[in-house]
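Below: the structure, in structure tokens.
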Amino acid sequence: MMQAAREYFAVIIVGAGPTGLALGNLLGIYGLDALIIESNAELCAEARAISLDDEGLRVCQALGLAEEVRTQLLYNLEAHYLSGKRLLSKVAPARQPNGFPLISTFHQPAFEATLLEGLKRFPAITLEFGQTLQSFVQETENVLVSIRGSDGKVRQLACAYLLACDGAKSMVRRSLQLSMRGETYTQRWLVIDSMADPDPSTAIRFFCNPGRPAVTVPSPGRRRRWEFMLLPGETEEMLKRPERMQALISQAGGTTRPQITRAVVYTFHAATASTFQAGRVFLLGDAAHLMPPFGGQGMNCGLRDAHNLAWKLHLVTRKLAAQTLLATYTQERLAHTRQMLYFSRFLGSIIMPTAQPIAIVRDALFGLVNATPATRNYLSQAAIKPAPRYKQGFFMRGGSRANRALAGLMLPQPEISLPNCPPHLLDDLLGSGFVLLRLNSAAEQPFAGIEERPIWRDLAPRMLVGDHEVRAALGVHEDLFVLVRPDRYIYAAFPPTQSASRACEQSLKSYLSQEILTD
């Protein structure tokens, strides 16, 4: 008896949280067909994530939704670290290397609704609620997937790639038997969300008090989040009593009558999966990594995952790149995520000490740091946050001094001044694919000798002459080509000589499909 044909999609995404929805928008931009399945009947109504950084906003820009998201934000915040009445540090970055402020907050239900609305632009992207992944089996060319609907009916589907955005308890990760490596914090935290908050302050405040570490975070629409560490002997039931929560908020300087909308006790984790890829299955977001909240990096790392993987899937499914390109997803994202994890843990180590002697030493160290303008400015400008740079992965190694300095680095995004036009952020001019910039060239035909060659013709980078804002942002003063990936990381920087151009082409050939290498 002939078996019925399975429904087929290039990509199936499991989970319609921020990472899955962002990924769906990116795949739609690249013209891939994808199915997003979500076991819940609708988007999550809880505000779990709350912080959006400059790199996360740059991903929103890549989705074509930056302005829609920006109108919903509490934009460009400061962070104050307090010990009693003493200000240990004020983080108030003036620099915006990615074109957006380093700290903003959002309301997750509104953010997800914007991403959901964005999917309507792409007929090839389908989202189905009430659909639960039951099982999957990898074959040589496909992944066979079984899903169960809310009506109990089971469907059989197939896809080229299965992407797990199904959260911290990922069924996909567990099915692959991929371990999580890291630690679980022994401390538990009470997280309280409130609305109609009367406090006009827009600073995030970290109360680094050994008596009870705490955090308060303002968010749009006069919402405010409070987080309090549970002390030894305290139970969830004790702290979630309304009068106890009111007392905690009041003691931290908040209103005596908070309008509490949600209260939950969390145990934080700092862990990553051992790999983010197993064959044709990929892990993204919380399915791949669990981040303590102190650096506000959990959801932002998921957005970076989506931006890194989407264009690679596009090239491979269109047979423009070899499968080896997909292996660079784990190479790049695992290492960078671990950097952000260490960064978040470091911030936690500032906030969480409950032993008075340790707190005294910490406060003394901050006194020394603040006594020196250079180190005080280093903290104030959030320079301690790891720079977006890949040290292994899809970029050209070696070569010229310029390439060693720039390859693997995220291209800065200055504001560009154009004749007879309002200023634009750089990415708005670059498109969604590769870009080849020519910097500091006096040539009348700056791309002559390159644009005719088959490898560049098939890679199809947008070719632009970089103006002074780009040159200044990169610190480049020599005549140079800069090849930029779709996720805005620099693949290569090379001088305009035939040998340097050929070296870049040779580097690309190890990843590109044999179908476009005829020279």
Side-chain angles (χ1 to χ4, degrees), residues 9-53 55-73 104-133 147 159 161-172 220 276 282-289 291 297-311 313-314 329 333 432 487:
F9 297 88
V11 173
I12 293 178
I13 300 168
V14 186
T19 301
L21 293 170
L23 191 52
N25 277 276
L26 287 166
L27 296 179
I29 288 170
Y30 289 121
L32 271 69
D33 62 294
L35 170 67
I36 307 172
I37 60 171
E38 169 56 52
S39 58
N40 293 316
E42 57 187 12
L43 295 179
C44 182
E46 292 184 348
R48 293 162 297 181
I50 195 171
S51 178
L52 194 56
D53 70 5
E55 293 173 55
L57 274 166
R58 197 168 181 182
V59 177
C60 293
Q61 183 185 9
L63 304 179
L65 300 173
E67 287 307 309
E68 290 86 344
V69 170
R70 182 171 175 169
T71 61
Q72 303 168 359
L73 299 177
S104 299
T105 58
F106 67 100
H107 184 54
Q108 185 169 341
F111 180 65
E112 290 189 4
T114 298
L115 299 182
L116 178 62
E117 185 68 21
L119 292 178
K120 296 179 181 178
R121 299 173 293 173
F122 311 113
I125 307 297
T126 304
L127 171 58
E128 295 185 6
F129 289 103
Q131 302 291 327
T132 302
L133 178 68
I147 63 173
C159 59
Y161 300 98
L162 180 66
L163 311 184
C165 304
D166 53 342
K169 298 179 180 179
S170 171
M171 176 271 191
V172 176
F276 293 177
F282 295 82
L283 306 180
L284 301 92
D286 286 355
H289 39 74
M291 194 78 55
Q297 289 301 307
M299 190 196 75
N300 290 289
C301 280
L303 295 178
R304 295 183 192 107
D305 295 342
H307 203 197
N308 185 288
L309 184 59
W311 63 272
L313 288 171
H314 162 66
Y329 168 66
R333 291 302 311 134
S432 59
D487 59 357

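As the structure is a prediction and not an experimental result, all values here were calculated from the model. Residue numbers start at 1 and run along the sequence shown.
Of all heavy-atom pairs spanning I36 and A16, the tightest one is CG2-CB, 4.1 Å. Nearest heavy-atom pair across G24 and I13 is N-CD1, 3.9 Å. The two residues A45 and P109 have their closest heavy-atom pair at O-CG, 3.3 Å. Heavy atoms only, all atoms of each residue included: L43 and F129 are closest at N-CE2, 3.6 Å. Between T114 and L65, the closest heavy-atom pair is O-CD1, 4.0 Å. Closest approach of L303 and P18 over heavy atoms only: CD2-O, 4.1 Å.
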Item checked: Stepwise side-chain contact (heavy atoms from CB on, under 4.5 Å) check, H289 with Q297 -> CA-CA 11 Å; H289 39 74; Q297 289 301 307; over 6 Å; no

Margin query: Using the rule given for side-chain contact (heavy atoms from CB on, under 4.5 Å), can you reason through L63 versus V69, listing the C-alpha separation, both sets of side-chain angles and the distance that settles it, and then say yes or no?
Written below: CA-CA 10 Å; L63 304 179; V69 170; over 6 Å; no

Next item on the list: Show your reasoning for whether side-chain contact (heavy atoms from CB on, under 4.5 Å) applies to L57 and L73.
Entry: CA-CA 10 Å; L57 274 166; L73 299 177; 3.7 Å; yes

Notebook entry, point to check: When you look at E68 and C60, which way does the side-chain contact (heavy atoms from CB on, under 4.5 Å) test go after all the steps?
Noted result: CA-CA 9 Å; E68 290 86 344; C60 293; over 6 Å; no

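A 4.5 Å side-chain heavy-atom check between E128 and L35 finds at least one atom pair inside the cut-off. Looking only at side-chain heavy atoms (C-beta outward), I12 and I147 stay at 4.5 Å or farther from each other. Side-chain contact between Q108 and E46 is absent, with no heavy atoms from C-beta onward closer than 4.5 Å. Under the 4.5 Å side-chain criterion, counting only non-hydrogen atoms from C-beta, W311 is not in contact with L26.
For Y30, the ring pair (Phe, Tyr, Trp, His ring centres under 6.0 Å) partners two or more places apart in sequence, or in a different chain, are H314. Checked against ring pair (Phe, Tyr, Trp, His ring centres under 6.0 Å), F106 has the following partners two or more places apart in sequence or in another chain: F111. Under the side-chain hydrogen bond (donor to acceptor under 3.5 Å, both in side chains) criterion, Q131 pairs with no residue, sequence neighbours left out. Remark: Q61 pairs with Q413, D428 by the side-chain hydrogen bond (donor to acceptor under 3.5 Å, both in side chains) rule, at least two apart or across chains.
Legend: salt bridge (charged side-chain N to carboxylate O under 4.0 Å, His left out) pairs involving residues 15-42, not counting sequence neighbours: none detected. Each salt bridge (charged side-chain N to carboxylate O under 4.0 Å, His left out) pair with one or both residues in residues 108-118, not counting sequence neighbours, appears once here: R48-E112, E117-K120.
Using a distance-only test at 3.5 Å, with no hydrogens or angles considered, a donor-acceptor pair links the side chain of D305 to the main chain of G285. Here the side chain of N300 pairs a donor or acceptor atom with the backbone of S51 at under 3.5 angstrom. N25 places a side-chain N or O within donor-acceptor distance of the main-chain N or O of L115, the cut-off being under 3.5 Å. D166 places no side-chain N or O within donor-acceptor distance of the main-chain N or O of V14, the cut-off being under 3.5 Å.
For the atom pair CZ (R58) and CD (E55), the distance works out to 9.0 Å, reported to the nearest 0.5 Å. T126 OG1 to L119 CG: the interatomic distance, rounded to the nearest 0.5 Å, is 9.5 Å. Note that CG of L309 and CZ of F276 are 11.5 Å apart. Values are rounded to the nearest 0.5 Å. Taking CD1 of I125 as the start and CZ of F9 as the end, the distance is 10.0 Å to the nearest 0.5 Å. To the nearest 0.5 Å, atoms CD1 (I50) and NE2 (H107) are separated by 9.5 Å. One finds the CG atom of N308 at 6.0 Å from the CZ atom of R333 (value rounded to the nearest 0.5 Å).
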